[in-house]
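Residue numbers start at 1 and run along the sequence shown. Atoms considered below: every heavy atom in the structure, side chains included; atoms not considered: hydrogens, waters and symmetry mates.
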Amino acid sequence: MTATAPSPAAPAWRRPSGWSRGGWPRGGWLWLCIIVALALLCAPPARAGAGPDGWTAPPLRLGTETRTLPIAGHLEFLVDPDGSLTLADVTAGEASRRFQPLAGNLNRGFTLTDTWVRMRIARPPDSDDTWYLELLPSFLDTVETDVAYTAADAPPPPAEAYARTVQGDSEPTANRMLRFRSFTQPLVFHGAGQAWIYVHVHTTSATILSGQIYRLIPLMNHVSVQSIWLGFVLGMAVAVLISNLIHSYWLQERVYFYYALYLISLIGLAFGSFGALAQILPGPAPKLANLITGTSVCGGILAGALLTEEFLNLRRTLPLISLLNRIPIILGALGIVATVAGYYTMAGATLATVTSAYMFIYIGSAIRLARRGHPGALMYSLAFGAACMAALMGFMRTLGVIPEISLTEAASQAASLVHMILMNIAIASRVRRSEKERKEAQAAALSASVHAEQRALDMVALRTRELSAAKESLEEALAAERQAVREQIQFIDMVSHEYRTPVSIIRTGIDILQIKGSAALAEGAKGHDLLKRMGRAVDRLVEIIEVGLRRETDRSPGLHLETQSLILEEVVAEAVRSLRASHPEQAVRLEGVVPNEIQGDPALLKTSILNLLENAAKYGPPGQPIRVELAQTATRSTVRVIDAGAGVPPADRERIFGKFVRLSSAERVPGIGVGLYLVRRIAELHDGRAYYDHTRLDGCCLVVELANAPLPRG
């Protein structure tokens with residue numbers, strides 16, 4: 001485990017242009033100089049001295065007015081590579097002469113080897129008899145303290161004179177004198193003038209050791225102040241964590257969620273590395289300390305990288321930095337896996353080194369982005385600047401670059417507090433600005449929507465006016481067309497009316513010729529037949545004129561139905577006689593019966609049947625008879641006219657009933673193409689239909705189907 005705060009991952013928008021040619025951010029050298037200065041100022045000067053049996057470090061001398069006294073400068077250390085040295089070896093054996101003096105506190109950085117530290121404390125006769133030795137840091141796995149007391153000028157005592165106390169974050173919390181984050185060793189002199197102390201340090205993290213000598217009251221004050229301070233920092237962190245989780249849920253902003261993850265890592269680090277776990281959960285603390293510390297550090301690296309990615313919007317603004325930001329994200333995730341698997345110590349140094357380098361990149365990039373006007377970048381750089389400074393000091397302390405000093409932990413905690421305050425301001429400012437931009441975008445979208453709606457309404461109004469104008473034009477054109485049709489019908493009616501008089505005169509003349517000239521015509525049968533045929537033709541012409549004169553005068557032009565009871569067979573027989581008068585050589589066979597009377601217009605029905613017969617006579621093969629089949633049901637009566645021709649192609653079977661439609665094969669036969677149109681129109685007036693029967697394969701079959709009692713026409 002490590003005692004360092006997780007690194008913030010803070011990439012920037014674009015390629016950070018605020019870098020020097022040497023590869024450092026422009027502010028990086030300033031930060032480095034500050035760190036070196038702190039290391040030089042906080043490291044106490046080396047103190048020379050001589051003692052019995054190879055002891056070179058001077059004893060720590062207590063005074064009557066002394067309240068607290070650091071042990072830095074009075075320590076000697078010995079590396080135990082395989083952990084095989086015993087207390088007897090280091091007190092009287094050859095190993096006792098290999099101890100080396102320390103100018104300050106012990107700091108060997110990440111190492112898996114054990115370390116022995118020894119020191120002497122001299123008490124004047126008139127000082128307190130009981131003192132307390134506090135050893136730090138709190139993340140050491142095992143700290144074995146052996147203490148022996150002698151007179152002021154006595155030589156070192158033998159190994160059996162020492163009393164041992166075993167503490168550490170991997171040891172039961174009950175072994176500690178105080179349920180506190182540090183390890184406290186009482187020194188009870190009982191009148192003795194000198195205490196001989198050996199400390200055996202075994203840890204899987206950084207090998208660091210520092211301490212203070214306290215009297216009882218100053219120790220209690222120190223414990224109280226530290227507990228209150230740590231509780232205050234943790235309380236603030238928990239409050240800010242809850243606030244960010246609530247805002248993440250309410251506002252659906254990922255930046256709040258990522259920062260909540262980062263705060264969880266800070267809280268976990270305080271529990272594991274700063275010793276708060278031993279005070280809150282003393283029972284499971286030894287089993288959870290390493291796991292919580294390792295996952296907190298690695299999780300902080302991961303969460304910090306994600307937070308910076310989202311906060312500075314790296315994908316859109318700085319794609320290269322965003323790509324580089326994948327490295328701490330991946331390392332943080334791998335570090336969590338390694339910690340859970342029990343291999344965090346192997347990855348700890350690598351994580352510390354890589355993350356320290358990234359801190360310079362991110363802070364420098366954030367400052368550059370702040371100069372470009374990125375919202376929140378300045379506050380981000382301020383918030384993470386102090387935290388990164390404290391974290392960097394912790395990393396350098398962990399790597400053994402600077403000695404262990406209490407200032408590193410205090411600075412880390414204070415920086416975390418300042419960081420949380422500034423970062424919440426930065427996130428709130430960013431979200432407020434995003435909300436403002438969102439509202440402005442919504443207002444712009446609403447304005448555009450209203451404008452588009454107004455344009456649509458204007459277009460609809462324009463199209464409505466155009467359609468109204470078009471409707472008026474169509475109505476005018478329709479009225480003009482109706483007027484033209486009326487005038488045409490009036491003209492036809494006039495012509496038909498004018499035909500009646502001369503036709504009547506012709507008819508009268510023919511009748512006179514038949515009466516007075518019958519004797520002369522009797523000599524020539526052909527002349528007599530010709531005269532009869534002329535009479536029938538005139539009758540037919542008069543009938544057609546009568547039909548043409550019957551129009552609907554109050555509606556659109558059309559045939560007017562005048563129904564009466566009639567026998568369909570008689571109408572068909574009359575039509576056959578008319579055909580034989582105009583086509584005496586055409587044979588017609590009548591089949592079937594219609595026993596019951598029907599309601600219909602005899603003149604129109606005769607015209608319809610006669611048109612079918614004439615159509616069959618014109619287009620059927622010469623010399624072949626025309627067949628007329630009659631049928632009747634309870635509601636319908638049917639007339640089928642069949643010739644022996646080849647029939648009509650399927651594509652033209654509906655077209656032949658259209659007005660003025662003539663097929664290309666009928667061009668040799670005179671006509672204007674209205675006969676079958678009249679057939680269908682007359683059938684529809686009798687609530688029937690006219691159609692081509694394609695099921696008959698023995699010729700061309702045209703069918704007229706009539707309702708026995710057609711609906712009255714208003």
Side-chain angles (χ1 to χ4, degrees), residues 49-60 71 74-102 105-122 131-151 154-177 182-190 192 194-211 213 286 289-290 345 400 404:
D53 298 330
W55 285 69
T56 56
L60 177 63
I71 63 175
H74 301 275
L75 304 178
E76 298 179 4
F77 79 101
L78 173 65
V79 177
D80 186 0
D82 53 5
S84 60
L85 295 177
T86 63
L87 180 62
D89 296 330
V90 299
T91 55
E94 187 273 336
S96 65
R97 290 184 289 275
R98 292 191 280 112
F99 276 87
Q100 300 178 16
L102 288 169
N105 294 308
L106 174 69
N107 188 351
R108 297 186 56 213
F110 270 101
T111 178
L112 297 178
T113 59
D114 290 3
T115 305
W116 288 83
V117 178
R118 67 183 183 183
M119 62 178 297
R120 293 174 294 167
I121 300 178
W131 295 76
Y132 299 90
L133 171 63
E134 180 194 41
L135 298 175
L136 291 170
S138 58
F139 55 79
L140 297 175
D141 291 348
T142 303
V143 179
E144 297 177 350
T145 307
D146 296 283
V147 182
Y149 304 94
T150 64
E160 56 270 14
Y162 288 84
R164 171 166 294 180
T165 302
V166 181
Q167 302 179 82
D169 72 347
S170 296
E171 302 296 331
T173 309
N175 293 357
R176 305 186 188 189
M177 186 192 81
S182 59
F183 312 114
T184 306
Q185 172 66 44
L187 301 177
V188 184
F189 285 88
H190 293 295
Q194 190 166 226
W196 305 78
I197 303 173
Y198 283 84
V199 181
H200 181 204
V201 179
H202 170 77
T203 185
T204 55
S205 57
T207 301
I208 301 171
L209 188 67
S210 64
I213 298 291
N290 290 345
T345 303
E404 157 48 273

Partners passing ring-ring contact (aromatic ring centres under 6.0 Å, His included) against F77 (at least two apart in sequence or in another chain): none
Note, L87 side chain near R164 side chain (heavy atom, < 4.5 Å): yes
Qualifying residues under side chain to side chain contact (heavy atoms under 4.5 Å, CB included), relative to V188, sequence neighbours excluded: D129, T130, H190
ring-ring contact (aromatic ring centres under 6.0 Å, His included) partners for Y132, two or more places apart: none
Close side-chain approach of I71 and I213, heavy atoms under 4.5 Å: yes
H200 and W116 aromatic ring geometry - parallel, tilted or perpendicular at 30°/60° bounds: parallel
Any side-chain heavy-atom pair of T165 and F183 under 4.5 Å: no
Donor-acceptor under 3.5 Å (D80 side chain, L85 main chain): yes
Any side-chain donor near an acceptor of the partner, D114 and H202, under 3.5 Å: yes
Side chain R120, main chain A57, donor-acceptor under 3.5 Å: yes
Close side-chain approach of R108 to T113, heavy-atom, < 4.5 Å: yes
Donor-acceptor under 3.5 Å (E76 side chain, T56 main chain): yes
Side-chain heavy-atom pair I197, L187 within 4.5 angstrom cut-off: yes
